[in-house]
Number of protein chains: 2
Amino acid sequence: MITIKEIAKLANASSSTVSRVLNDSGYVSEETRKRVLKVIEETGYIPSEQAKSLRTKKTSVIGVIIPRLSTDTTSRLVNAINDELAKKGYQIILTNTNLHAEKEVEHIKLLRSRQVDGLILIATNVNDVLLKEIRNSPTPIVVIGQEIPGVSVIVNRDFEAAKQMTQLIIENGHNKIGFIGVHETDKAVGVDRKAGYLAALNGAGIPVNEQWIVDANFDYQTGYRAMKQMMEQSTIKPTAVLTVTDTIAIGAMQYMHEHHLAIPDDIAITGMGNSKVSQYIVPSLTTIDFLNEQTGKEAARLILNIIDGKEKRPKKIQMKYRIIKRDSV
Amino acid sequence: MITIKEIAKLANASSSTVSRVLNDSGYVSEETRKRVLKVIEETGYIPSEQAKSLRTKKTSVIGVIIPRLSTDTTSRLVNAINDELAKKGYQIILTNTNLHAEKEVEHIKLLRSRQVDGLILIATNVNDVLLKEIRNSPTPIVVIGQEIPGVSVIVNRDFEAAKQMTQLIIENGHNKIGFIGVHETDKAVGVDRKAGYLAALNGAGIPVNEQWIVDANFDYQTGYRAMKQMMEQSTIKPTAVLTVTDTIAIGAMQYMHEHHLAIPDDIAITGMGNSKVSQYIVPSLTTIDFLNEQTGKEAARLILNIIDGKEKRPKKIQMKYRIIKRDSV
DNA sequence: TTGTATGCGTTATCAT
DNA sequence: ATGATAACGCATACAA
């Protein structure tokens with residue numbers, strides 16, 4: 001590999017002068033600047049960020065830990081984070097836990113060993129080991145999606161969103177409303193959204209039917225299976241179903257189609273997340289837009305502010321959301 | 001940050017000894033090993049990959065350049081690449097050009113400045129600047145998706161796949177077959193798949209109708225618009241449409257639904273890519289599985305082999321594909 | 001305006 | 001079996 005020393009030699013200058021040219025720092029005459037630049041151009045020299053950051057203690061890299069790479073939510077978050085950081089000259093290094101929660105700590109360590117300037121963690125669950133790792137990390141961390149006391153987080157109003165969506169269903173004349181959620185290890189999606197659903201039922205004086213409450217797991221297939229389970233195990237059938245993600249909803253809809261249940265006439269359904277495809281399926285899906293782009297942007301800004309020392313204390317940002325009414329209710 | 005020197009001091013050893021413990025290299029007595037390990041544990045010391053790779057000339061990082069992060073194809077490729085590389089102790093650093101082809105060169109340079117051991121480029125187009133950059137890069141590069149002479153590539157049989165799919169449509173009794181493609185800057189998808197379509201028509205003695213050939217751009221919206229354009233501009237209407245991606249197909253299907261065209265009875269449609277959702281929409285989409293997981297795996301293996309010097313000459317790998325017959329034809 | 005010297009944290013060579 | 005030391009490529013304090 002070609003180094004700054006060789007450039008210096010070729011340009012008849014010292015490495016410090018080349019460094020000055022590279023960084024626009026200190027004095028350097030126009031003449032030598034041109035000479036150096038010419039050599040750099042000719043040789044295709046690219047400075048080593050490695051060496052640079054070993055010296056400066058700054059990598060301009062933010063580590064981003066995601067639970068999966070296959071959902072609209074994740075890709076929109078990551079894109080927004082990336083765009084915002086790129087504007088400020090930062091790059092991201094992505095690591096994917098593939099939903100293995102136990103790997104989160106491992107990935108934090110891995111990224112820290114790469115000396116990232118900061119970390120953004122899209123969290124699906126919070127356990128003691130992870131909590132300890134986050135709290136003890138000398139590298140600034142921003143968590144997206146789960147509320148953690150004493151840690152900088154960006155969260156959705158999961159409870160309110162689910163409650164409001166359930167109320168919308170109730171307003172449409174339903175009182176037999178099923179629910180497809182996810183496991184409670186995911187506090188935000190598994191617990192809070194379910195609590196919102198229950199609160200809305202309760203507020204409307206509608207009794208809870210346990211036969212109508214089932215779990216899925218963030219993909220089409222388990223959405224389908226959950227719907228099947230709900231219909232097969234219930235003595236009285238629901239006329240509407242609230243699901244906690246669009247993917248689950250679409251899986252559930254396939255079951256309905258297969259069994260010739262008209263949506264929304266025989267059974268209504270809602271998703272959450274406003275995935276791009278939700279608008280293009282038939283019928284189009286009533287869902288909740290959690291403003292992922294804005295969330296990603298906020299996360300990027302927050303981590304940079306923490307790094308710059310502009311944000312000293314843990315900050316909690318609650319994102320807004322929008323109910324998107326379409327044809328499935 | 002805590003360094004190897006401080007560990008050495010705390011453990012009453014030299015930094016060389018600590019290094020030996022860390023890397024399981026050379027002799028070190030069981031006693032001191034334990035002593036060192038204990039200090040490492042207590043302090044939470046994490047070695048700096050920066051410094052390490054400055055010394056060893058090896059980062060164990062592969063740069064992956066993708067055109068977008070929002071499609072199934074990309075996320076499955078990246079996941080497969082990541083899984084395979086992780087097995088061998090490599091990490092990936094992802095950069096996203098957001099479909100701005102001119103940024104590819106910039107990203108290659110960016111990643112090279114990070115001293116990545118190798119690069120995997122998911123290409124959508126090939127131009128002279130990019131070609132020159134790839135050919136001159138001292139860092140090994142594997143390209144996915146586009147054929148480039150003299151460069152290691154993993155490609156699909158785009159021509160054959162499109163041709164075979166068109167033949168399948170013809171076998172189903174159609175002879176008025178539309179085509180929604182993408183711009184020809186994308187050789188594989190824009191040119192080769194179109195050529196396959198044309199070859200199939202030609203082989204069956206079906207004349208080409210230019211009114212039935214339109215372009216979209218890898219998203220639902222332009223798929224919808226392309227379908228609209230095709231139907232509005234054509235005097236005779238097609239009874240089937242071949243599209244080059246599932247996303248485009250789903251966008252087109254929405255137009256059909258809106259205009260009460262029954263699929264496949266009034267109009268048949270096919271996609272390509274076997275996106276997860278293609279199975280769950282109604283009707284389910286006939287498509288082509290390009291075996292993305294295997295492609296990603298091959299790419300990962302190839303780049304590692306090149307790095308290890310096991311693969312000296314540029315290698316071209318052609319992936320297989322499977323036609324997936326479902327209900328849209 | 002330019003150059004010399006030092007150190008960032010690590011590994012590897014060479015003594016001991 | 002262990003330690004002192006140099007080197008990796010760069011930025012910077014200081015000298016010239």
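Order of the sequence lines sets the chain letters (A, B, ...), proteins ahead of strands, with each chain counted from 1.
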From the candidates dT2(C), dT12(D), dG3(D), the one with an atom nearest any side-chain atom of Ser16(A) is dT12(D)

Which of Glu311(A), Lys316(A), Arg313(A), Lys315(A) passes side-chain contact (heavy atoms from CB on, under 4.5 Å) with Ser152(A)? It is Lys315(A)

From CD of Gln115(A) across to C1' of dG9(C) the rounded distance in Å is 9 Å

Rounded to whole Å, NZ of Lys5(B) lies from P of dC8(C) at a distance of 6 Å

> What does Thr32(B) touch in the nucleic acid at a heavy-atom separation under 4.0 angstrom: a base, only the sugar-phosphate, or nothing?
Replying inline: sugar-phosphate

Report task. Give the C-alpha distance, both sets of side-chain angles, the deciding distance and a yes or no for salt bridge (Lys or Arg N to Asp or Glu O under 4.0 Å) between Asp128(A) and Arg135(A). Result -> CA-CA 10 Å; Asp128(A) 286 352; Arg135(A) 292 244 169 80; over 6 Å; no

message = dT2(C), OP1 or OP2 - any side-chain N/O from Ser29(A) closer than 4.0 Å?
response = yes

Per atom distances to the Ala51(A) side chain, the nearest of dT2(C), dC10(D), dG3(D) is dC10(D)

Inset, instruction - Return yes when atom CD of Glu31(A) has more than 12 non-hydrogen atoms of other residues, nucleotides or ligands closer than 6.0 Å, and no otherwise. - result: no

note: Glu49(A), atom CD; dC8(D), atom C1'; distance rounded to Å ~ 16 Å

- Under 4.5 Å between any side-chain heavy atoms of Leu69(A) and Asn98(A), yes or no? no

Whole-Å distance, Arg33(A) CZ to dT1(C) C1', equals 12 Å

Tyr27(B) atom OH is separated from dT16(C) atom C1', nearest whole Å, by 16 Å

Quick test of your reading of the model: are Asp24(B) and Arg33(B) salt-bridged, counting only N-O distances below 4.0 Å? yes

Per atom distances to the Ser19(A) side chain, the nearest of dT2(D), dT2(C), dT12(D) is dT12(D)

May I ask you to evaluate whether Ser25(B) reaches the phosphate of dA12(C), defined as a side-chain N or O under 4.0 Å from OP1 or OP2?
no

Applied to residues 61-71 of chain A, the side-chain hydrogen bond (donor to acceptor under 3.5 Å, both in side chains) test, sequence neighbours excluded, yields Thr71(A)-Thr74(A)

Looking at Leu291(B), is its backbone amide N or carbonyl O close enough to the side chain of Thr295(B) to form a donor-acceptor pair, meaning the two atoms are under 3.5 Å apart? yes

Here the distance between atom P of dC14(D) and atom CZ of Arg20(A), to the nearest Å, is 14 Å

Among the nucleotides dT2(C), dT5(D), dT2(D), whichever has the atom closest to the side chain of Ser15(B) is dT5(D)

Whole-Å distance, Gln50(A) CD to dC10(D) P, equals 11 Å

Okay, side chain of Asn127(A), backbone of Val129(A): is any donor-acceptor separation there less than 3.5 Å? yes

Whichever of Arg35(B) and Asn23(A) has the more 5' nearest nucleotide on DNA chain D, that residue is Arg35(B)

Per nearest nucleotide of DNA chain D, the residue lying toward the 5' end, Thr56(B) or Thr17(B), is Thr17(B)

Can you see if the side chain of Ser14(A) gets near the phosphate of dG3(C) - specifically, an N or O under 4.0 Å from OP1 or OP2?
yes

Per the under-4.0 Å heavy-atom filter, residues of residues 38-47 of chain B near DNA chain C come out as Tyr45(B), Pro47(B)

Lys57(B) NZ to dC10(D) P, in whole Å, measures 9 Å

